[in-house]
Amino acid sequence: MDDLTRISGIGKATAKTLAAAGVTSFAQLAALNVDQEPAKELGVKASWISEAAKHVSEASQDTKGKPLGSDH
């Protein structure tokens, strides 16, 4: 579970609403299409999806070259 409140415009209440709908990670949010359900119903903004995708990309870059199970 990622801290979705790190995304500009998502507060605690919105993060709870997203979690209740099953969106609990940056990757899940990044995979949504703003023009389709459930994103439309949840009021997801394109900027949230874009910012979530950046978090996913950064996390992917952080883990490249590290041995599996490595914390450093």
Side-chain angles (χ1 to χ4, degrees):
M1 180 180 229
D2 292 323
D3 180 5
L4 298 181
T5 63
R6 292 177 52 197
I7 294 176
S8 180
I10 297 181
K12 289 182 181 185
T14 301
K16 276 187 171 184
T17 300
L18 291 168
V23 180
T24 61
S25 72
F26 296 130
Q28 289 171 317
L29 184 56
L32 294 177
N33 181 325
V34 73
D35 295 323
Q36 297 177 347
E37 299 300 336
K40 284 175 79 171
E41 182 179 319
L42 294 169
V44 171
K45 299 184 181 346
S47 62
W48 298 354
I49 293 171
S50 175
E51 197 169 336
K54 288 179 187 175
H55 283 289
V56 171
S57 177
E58 289 169 2
S60 173
Q61 290 175 0
D62 287 346
T63 59
K64 285 185 181 174
K66 293 183 182 178
L68 289 178
S70 173
D71 291 341
H72 345 298

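What you are looking at is a predicted structure, and each value in this text was computed from that prediction instead of being measured.
Heavy atoms only, all atoms of each residue included: Ala30 and Ala52 are closest at N-CB, 3.8 Å.
Every side-chain hydrogen bond (donor to acceptor under 3.5 Å, both in side chains) that Thr5 has, sequence neighbours left out, goes to Asp3. Considering only residues two or more places apart in sequence or on other chains, Ala31 meets the side chain to side chain contact (heavy atoms under 4.5 Å, CB included) condition with none of them. The side chain to side chain contact (heavy atoms under 4.5 Å, CB included) check on Ile49 picks up Leu32, Val34, Val44, with sequence neighbours excluded. Under the side chain to side chain contact (heavy atoms under 4.5 Å, CB included) criterion, Glu37 pairs with Lys40, Glu41, not counting sequence neighbours. Remark: Ser25 engages Gln28 in a side-chain hydrogen bond (donor to acceptor under 3.5 Å, both in side chains) (not counting sequence neighbours). Under the side-chain hydrogen bond (donor to acceptor under 3.5 Å, both in side chains) criterion, Ser50 pairs with no residue, sequence neighbours left out.
We find the CH2-CG distance between Trp48 and Leu42 to be 8.5 Å, quoted to the nearest 0.5 Å.
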Donor-acceptor list for residues 10-17 side chains, cut-off 3.5 Å, not counting sequence neighbours:
from  : atom 1 : to    : atom 2 : distance (Å)
Thr17 : OG1    : Ala13 : O      : 3.1

For side chain to side chain contact (heavy atoms under 4.5 Å, CB included), just list the numbers for Leu29 and Ile7, CA-CA rounded to whole Å, side-chain angles, deciding distance to a tenth of an Å, and then say yes or no. CA-CA 11 Å; Leu29 184 56; Ile7 294 176; 3.5 Å; yes

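Hydrophobic cluster of Met1: no remaining members, since no ILVMFWY side chain lies below 4.5 Å from it.
The main-chain N or O of Asp35 is found under 3.5 Å from a side-chain atom of Asn33 such that the two form a donor-acceptor pair.
Pairs engaging residues 8-41 under the ring pair (Phe, Tyr, Trp, His ring centres under 6.0 Å) rule: Phe26-His55 [sequence neighbours left out].
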